[in-house]
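Notes follow the structure.
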Amino acid sequence: MKMFLDKNNWEENLPTKWAGCRLEYHQELVSTNVTAASLSLEGASHGTLVVAERQTGGRGRRGRSWESPAGKSLYFSLLLRPEFEPEKASMLTLVMAHSVAKAVEQFAKNVQPGIMEYVEGSEPQGGVQKRAAIKWPNDILVNGKKVSGILTEMQIEKGRIGHVVIGVGINVMAQNFDGELAGKASTLEQEWKVKIDRAQLLRYIMQNFEQDYEAFETSGDLQPFLEYYHSRLLNKDACVKVLDPQEPFEGIARGITAKGELIVEKENGQTCFVYAGEVSVRGKKGYV
Ligand code: BTN
(Lines give C-alpha, C1' and ligand atoms only; values in the text may rest on other atoms or scores of the structure.)
Protein backbone atom coordinates (compact mmCIF):
# COMPACT_ATOMS: atom_id res chain seq x y z
CA MET A 1 0.00 0.00 0.00
CA LYS A 2 1.34 3.43 -1.00
CA MET A 3 1.92 5.74 1.93
CA PHE A 4 -0.08 8.97 1.60
CA LEU A 5 2.18 10.95 3.90
CA ASP A 6 5.85 11.52 3.31
CA LYS A 7 7.66 12.64 6.47
CA ASN A 8 10.06 15.05 4.73
CA ASN A 9 7.41 16.55 2.53
CA TRP A 10 5.11 16.89 5.56
CA GLU A 11 7.71 18.73 7.62
CA GLU A 12 8.73 21.04 4.76
CA ASN A 13 5.17 22.11 4.00
CA LEU A 14 3.66 22.35 7.48
CA PRO A 15 2.86 25.98 8.33
CA THR A 16 2.53 25.48 12.10
CA LYS A 17 4.68 26.16 15.18
CA TRP A 18 3.69 23.05 17.13
CA ALA A 19 0.59 21.28 15.80
CA GLY A 20 1.68 18.21 13.88
CA CYS A 21 5.38 19.09 14.07
CA ARG A 22 6.23 15.64 15.35
CA LEU A 23 4.60 13.14 13.03
CA GLU A 24 4.16 9.45 13.88
CA TYR A 25 2.82 7.83 10.73
CA HIS A 26 2.01 4.12 10.70
CA GLN A 27 0.60 1.76 8.12
CA GLU A 28 -1.51 0.04 10.78
CA LEU A 29 -2.35 0.74 14.42
CA VAL A 30 -4.98 -0.57 16.79
CA SER A 31 -6.08 3.00 17.45
CA THR A 32 -4.25 6.29 16.96
CA ASN A 33 -5.76 7.46 20.27
CA VAL A 34 -4.14 4.54 22.09
CA THR A 35 -0.74 5.15 20.46
CA ALA A 36 -0.89 8.89 21.20
CA ALA A 37 -1.68 8.14 24.87
CA SER A 38 1.27 5.76 25.18
CA LEU A 39 3.63 8.20 23.45
CA SER A 40 2.53 10.74 26.02
CA LEU A 41 3.70 8.43 28.82
CA GLU A 42 7.10 8.31 27.06
CA GLY A 43 7.22 12.12 27.22
CA ALA A 44 6.04 13.03 23.70
CA SER A 45 5.51 16.76 23.29
CA HIS A 46 2.42 18.94 22.92
CA GLY A 47 1.26 18.78 19.30
CA THR A 48 2.54 15.27 18.52
CA LEU A 49 0.44 13.89 15.67
CA VAL A 50 -0.27 10.17 15.23
CA VAL A 51 -1.67 9.05 11.88
CA ALA A 52 -2.58 5.57 10.68
CA GLU A 53 -3.50 4.33 7.23
CA ARG A 54 -5.67 1.70 8.88
CA GLN A 55 -6.89 0.94 12.43
CA THR A 56 -7.78 -2.51 13.68
CA GLY A 57 -9.58 -1.27 16.80
CA GLY A 58 -10.70 2.27 15.95
CA ARG A 59 -12.75 3.69 18.82
CA GLY A 60 -15.84 5.85 18.59
CA ARG A 61 -17.74 7.83 21.19
CA ARG A 62 -19.91 6.09 23.78
CA GLY A 63 -18.12 2.73 23.50
CA ARG A 64 -18.74 2.34 19.76
CA SER A 65 -16.14 1.21 17.24
CA TRP A 66 -14.95 3.25 14.26
CA GLU A 67 -14.58 1.29 11.01
CA SER A 68 -11.11 2.10 9.70
CA PRO A 69 -10.30 0.47 6.34
CA ALA A 70 -7.05 1.36 4.53
CA GLY A 71 -6.62 3.80 1.70
CA LYS A 72 -9.82 5.81 1.93
CA SER A 73 -9.92 7.92 5.04
CA LEU A 74 -8.00 9.93 7.58
CA TYR A 75 -7.46 8.58 11.09
CA PHE A 76 -5.37 10.74 13.37
CA SER A 77 -4.87 11.82 16.98
CA LEU A 78 -3.30 14.97 18.32
CA LEU A 79 -1.60 14.87 21.70
CA LEU A 80 -2.01 17.98 23.85
CA ARG A 81 -0.59 18.98 27.20
CA PRO A 82 -2.88 21.77 28.35
CA GLU A 83 -2.11 23.93 31.35
CA PHE A 84 -5.79 24.63 32.05
CA GLU A 85 -8.17 22.88 34.45
CA PRO A 86 -9.61 19.43 33.55
CA GLU A 87 -13.19 20.86 33.50
CA LYS A 88 -12.35 22.75 30.32
CA ALA A 89 -11.04 19.77 28.35
CA SER A 90 -14.41 18.66 26.94
CA MET A 91 -14.60 21.98 25.07
CA LEU A 92 -11.63 20.85 22.98
CA THR A 93 -13.94 18.53 21.04
CA LEU A 94 -15.88 21.58 19.90
CA VAL A 95 -12.69 23.49 19.12
CA MET A 96 -11.55 20.60 16.91
CA ALA A 97 -15.01 20.38 15.29
CA HIS A 98 -14.57 24.03 14.29
CA SER A 99 -11.08 23.36 12.87
CA VAL A 100 -12.21 20.29 10.93
CA ALA A 101 -15.38 21.89 9.53
CA LYS A 102 -13.40 24.90 8.29
CA ALA A 103 -10.72 22.68 6.74
CA VAL A 104 -13.28 20.52 4.99
CA GLU A 105 -15.02 23.60 3.59
CA GLN A 106 -11.75 24.68 1.95
CA PHE A 107 -12.32 21.83 -0.54
CA ALA A 108 -15.91 22.88 -1.27
CA LYS A 109 -14.49 25.69 -3.39
CA ASN A 110 -13.54 23.04 -5.97
CA VAL A 111 -17.07 21.68 -6.28
CA GLN A 112 -18.22 22.02 -9.90
CA PRO A 113 -20.72 24.78 -10.60
CA GLY A 114 -24.10 23.22 -11.23
CA ILE A 115 -23.54 20.57 -8.60
CA MET A 116 -23.48 23.27 -5.97
CA GLU A 117 -26.58 25.38 -5.80
CA TYR A 118 -26.23 26.55 -2.26
CA VAL A 119 -25.81 30.31 -1.92
CA GLU A 120 -24.31 31.85 1.22
CA GLY A 121 -27.06 33.00 3.56
CA SER A 122 -29.91 31.26 1.77
CA GLU A 123 -31.54 27.89 2.20
CA PRO A 124 -30.17 25.19 -0.14
CA GLN A 125 -32.34 24.81 -3.24
CA GLY A 126 -31.52 21.15 -3.85
CA GLY A 127 -28.01 20.33 -5.08
CA VAL A 128 -25.11 20.17 -2.69
CA GLN A 129 -24.36 22.36 0.30
CA LYS A 130 -20.88 23.82 0.34
CA ARG A 131 -21.06 24.29 4.09
CA ALA A 132 -20.31 21.56 6.53
CA ALA A 133 -22.75 21.13 9.41
CA ILE A 134 -21.79 20.39 13.00
CA LYS A 135 -23.91 17.95 14.93
CA TRP A 136 -23.23 18.81 18.53
CA PRO A 137 -20.89 17.89 20.02
CA ASN A 138 -18.61 15.89 17.76
CA ASP A 139 -19.92 15.02 14.29
CA ILE A 140 -19.29 16.84 11.02
CA LEU A 141 -21.84 16.36 8.27
CA VAL A 142 -21.98 17.23 4.60
CA ASN A 143 -25.31 17.14 2.79
CA GLY A 144 -26.93 15.65 5.89
CA LYS A 145 -24.50 12.70 6.10
CA LYS A 146 -21.83 12.11 8.72
CA VAL A 147 -18.32 12.44 7.25
CA SER A 148 -16.32 12.88 10.45
CA GLY A 149 -16.34 12.06 14.16
CA ILE A 150 -14.18 13.24 17.04
CA LEU A 151 -13.24 11.38 20.21
CA THR A 152 -11.46 13.30 22.98
CA GLU A 153 -9.84 11.35 25.82
CA MET A 154 -8.07 12.79 28.84
CA GLN A 155 -5.66 11.53 31.46
CA ILE A 156 -5.63 13.23 34.85
CA GLU A 157 -2.67 13.22 37.26
CA LYS A 158 -3.12 14.52 40.79
CA GLY A 159 -6.13 16.62 39.80
CA ARG A 160 -4.40 18.19 36.80
CA ILE A 161 -4.47 17.29 33.11
CA GLY A 162 -1.66 14.85 32.24
CA HIS A 163 -2.60 14.83 28.58
CA VAL A 164 -5.53 15.16 26.22
CA VAL A 165 -5.77 13.14 23.03
CA ILE A 166 -8.14 14.36 20.34
CA GLY A 167 -8.84 11.63 17.79
CA VAL A 168 -10.45 12.43 14.46
CA GLY A 169 -11.77 10.14 11.76
CA ILE A 170 -12.72 11.60 8.37
CA ASN A 171 -14.33 9.63 5.54
CA VAL A 172 -12.59 10.97 2.47
CA MET A 173 -12.83 8.70 -0.58
CA ALA A 174 -15.86 6.81 -1.88
CA GLN A 175 -16.83 3.77 0.16
CA ASN A 176 -19.94 1.84 1.13
CA PHE A 177 -21.41 1.96 4.60
CA ASP A 178 -23.51 -0.97 5.77
CA GLY A 179 -25.64 -1.81 8.76
CA GLU A 180 -26.11 0.97 11.27
CA LEU A 181 -24.19 3.44 9.08
CA ALA A 182 -26.15 2.85 5.87
CA GLY A 183 -27.80 6.08 4.70
CA LYS A 184 -26.32 7.93 7.65
CA ALA A 185 -22.59 8.13 6.81
CA SER A 186 -20.89 9.27 3.61
CA THR A 187 -17.56 10.59 2.37
CA LEU A 188 -16.35 14.01 1.28
CA GLU A 189 -15.59 12.85 -2.26
CA GLN A 190 -18.98 11.16 -2.63
CA GLU A 191 -20.89 14.23 -1.50
CA TRP A 192 -18.88 16.92 -3.24
CA LYS A 193 -17.54 15.00 -6.26
CA VAL A 194 -14.12 16.57 -5.72
CA LYS A 195 -10.67 15.01 -5.35
CA ILE A 196 -9.26 15.44 -1.89
CA ASP A 197 -5.60 15.18 -1.02
CA ARG A 198 -5.57 13.65 2.46
CA ALA A 199 -2.19 15.18 3.35
CA GLN A 200 -3.43 18.65 2.40
CA LEU A 201 -6.65 18.19 4.38
CA LEU A 202 -4.58 17.18 7.41
CA ARG A 203 -2.32 20.23 6.96
CA TYR A 204 -5.34 22.55 6.86
CA ILE A 205 -6.66 20.96 10.05
CA MET A 206 -3.33 21.36 11.87
CA GLN A 207 -3.11 24.99 10.77
CA ASN A 208 -6.70 25.75 11.84
CA PHE A 209 -6.40 23.87 15.11
CA GLU A 210 -3.20 25.63 16.16
CA GLN A 211 -4.90 29.01 15.70
CA ASP A 212 -8.13 27.82 17.31
CA TYR A 213 -6.39 26.29 20.31
CA GLU A 214 -4.47 29.50 20.96
CA ALA A 215 -7.69 31.54 20.69
CA PHE A 216 -9.34 29.09 23.12
CA GLU A 217 -6.44 29.38 25.59
CA THR A 218 -6.67 33.17 25.49
CA SER A 219 -10.44 33.42 25.92
CA GLY A 220 -10.77 30.38 28.23
CA ASP A 221 -14.02 29.39 26.52
CA LEU A 222 -15.68 28.95 23.14
CA GLN A 223 -16.68 32.59 22.67
CA PRO A 224 -14.41 33.06 19.58
CA PHE A 225 -16.19 30.21 17.76
CA LEU A 226 -19.83 30.84 18.64
CA GLU A 227 -20.79 32.77 15.52
CA TYR A 228 -19.35 30.17 13.16
CA TYR A 229 -20.66 27.28 15.28
CA HIS A 230 -24.19 28.68 15.32
CA SER A 231 -24.17 29.17 11.56
CA ARG A 232 -23.27 25.48 11.13
CA LEU A 233 -25.15 23.86 14.02
CA LEU A 234 -27.41 21.08 12.81
CA ASN A 235 -31.02 21.47 13.99
CA LYS A 236 -30.56 24.99 15.29
CA ASP A 237 -34.05 26.29 16.13
CA ALA A 238 -35.49 22.86 15.33
CA CYS A 239 -36.80 20.03 17.47
CA VAL A 240 -34.26 17.60 18.94
CA LYS A 241 -34.49 14.57 21.19
CA VAL A 242 -31.92 14.52 23.99
CA LEU A 243 -31.17 10.89 24.77
CA ASP A 244 -30.16 11.36 28.38
CA PRO A 245 -29.93 7.89 29.97
CA GLN A 246 -31.50 9.31 33.17
CA GLU A 247 -34.30 11.30 31.58
CA PRO A 248 -34.70 11.61 27.78
CA PHE A 249 -36.58 14.72 26.60
CA GLU A 250 -37.46 16.80 23.55
CA GLY A 251 -37.14 20.48 22.87
CA ILE A 252 -35.93 23.14 20.45
CA ALA A 253 -32.12 23.48 20.10
CA ARG A 254 -31.22 27.15 20.40
CA GLY A 255 -27.42 27.01 20.17
CA ILE A 256 -24.50 26.37 22.47
CA THR A 257 -23.15 28.26 25.45
CA ALA A 258 -19.57 29.55 25.63
CA LYS A 259 -18.87 26.47 27.80
CA GLY A 260 -20.06 24.16 25.05
CA GLU A 261 -23.39 23.05 26.48
CA LEU A 262 -26.29 22.61 24.07
CA ILE A 263 -29.13 25.01 24.88
CA VAL A 264 -32.49 23.25 24.59
CA GLU A 265 -35.82 24.93 25.21
CA LYS A 266 -38.50 22.55 26.47
CA GLU A 267 -42.18 22.88 25.53
CA ASN A 268 -42.97 24.16 29.03
CA GLY A 269 -40.61 27.09 28.44
CA GLN A 270 -37.83 25.71 30.65
CA THR A 271 -34.31 26.11 29.20
CA CYS A 272 -31.91 23.18 29.68
CA PHE A 273 -28.15 23.26 29.28
CA VAL A 274 -27.04 19.86 28.05
CA TYR A 275 -23.52 18.72 28.88
CA ALA A 276 -22.02 16.32 26.31
CA GLY A 277 -20.97 13.46 28.65
CA GLU A 278 -22.93 10.36 27.75
CA VAL A 279 -25.77 12.23 26.11
CA SER A 280 -26.67 11.86 22.45
CA VAL A 281 -28.90 14.15 20.41
CA ARG A 282 -31.21 13.18 17.55
CA GLY A 283 -33.18 15.25 15.08
CA LYS A 284 -36.84 14.51 14.42
CA LYS A 285 -35.96 12.24 11.45
CA GLY A 286 -33.57 10.01 13.40
CA TYR A 287 -29.81 10.64 13.30
CA VAL A 288 -30.13 14.07 11.62
C1 BTN B 1 -17.35 9.15 16.92
O2 BTN B 1 -17.97 9.76 16.04
O3 BTN B 1 -17.90 8.29 17.62
C4 BTN B 1 -15.89 9.46 17.14
C5 BTN B 1 -15.02 8.69 16.20
C6 BTN B 1 -13.54 8.99 16.34
C7 BTN B 1 -12.70 8.12 15.45
C8 BTN B 1 -11.27 8.50 15.43
S9 BTN B 1 -10.34 7.69 14.16
C10 BTN B 1 -8.85 8.27 14.85
C11 BTN B 1 -8.98 8.19 16.35
N12 BTN B 1 -8.59 6.87 16.81
C13 BTN B 1 -9.61 6.20 17.31
O14 BTN B 1 -9.56 5.04 17.78
N15 BTN B 1 -10.72 6.94 17.27
C16 BTN B 1 -10.48 8.25 16.71
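Whatever order the structure lists them in is the order used to number ligands and atoms, beginning at 1.
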ask   = Is Ser31 in polar range of ligand 1, meaning some N or O pair under 3.5 Å apart?
value = yes
task = Using atom types as modelled and distance alone, determine if a side-chain donor or acceptor of Thr93 lies under 3.5 Å from a backbone N or O of Met91.
result = no
ask   = For ligand 1, which atoms have a heavy atom of Ile150 less than 4.0 angstrom away?
value = 4 (C)
message = Closer than 4.0 angstrom, basic N to acidic O: yes or no for Glu105 and Arg131?
response = no
query = Can you check side-chain hydrogen bond (donor to acceptor under 3.5 Å, both in side chains) on Trp136 and Glu261, steps first, answer last?
reply = CA-CA 9 Å; Trp136 180 91; Glu261 300 134 322; over 6 Å; no
task = Distance to 0.1 Å, residue and atom name: give those for the protein heavy atom nearest to atom 5 (C) of ligand 1.
result = Trp66 CE3, 3.3 Å
key: Taking atom 15 (N) of ligand 1 as the reference point, the nearest protein heavy atom with its distance   = Arg59 O, 2.7 Å
key: 4.0 Å heavy-atom contact, Arg62 with ligand 1   = no
note = In this structure, atom 11 (C) of ligand 1 is nearest to the protein heavy atom Thr32 OG1, 3.2 Å
remark   = Nearest heavy atom to atom 2 (O) of ligand 1, choosing from Glu67, Lys146, Arg61, belongs to Lys146
request  = Using non-hydrogen atoms of the residue, decide whether Arg64 is closer than 4.0 angstrom to ligand 1.
outcome  = no
ask   = With the threshold set at 4.0 Å, does a side-chain nitrogen-carboxylate oxygen contact exist between Arg254 and Asp237?
value = yes
remark   = Short version for Asn138: what comes under 4.0 Å of ligand 1, heavy atoms counted, is side chain
message = Check this for me: does any side-chain nitrogen of one of Glu67 and Arg54 sit under 4.0 Å from a carboxylate oxygen of the other?
response = no
request  = Compute the ring centroids of Phe216 and Phe84, then answer whether they are less than 6.0 Å apart.
outcome  = yes
note = Quick note on ligand 1: atoms under 4.0 Å from a heavy atom of Gly58 include exactly 14 (O)
message = Any non-hydrogen side-chain atom of Trp10 less than 4.5 Å from a side-chain atom of Met206?
response = yes
key: Worked check of side-chain hydrogen bond (donor to acceptor under 3.5 Å, both in side chains) between Ser99 and Glu210   = CA-CA 9 Å; Ser99 314; Glu210 184 169 289; over 6 Å; no
task = Please state which part of Asp139 comes within less than 4.0 Å of ligand 1, counting heavy atoms only: side chain, backbone, both or neither.
result = side chain
message = Among all the protein's non-hydrogen atoms, which is closest to atom 9 (S) of ligand 1, and how far away is it?
response = Gln55 NE2, 3.3 Å
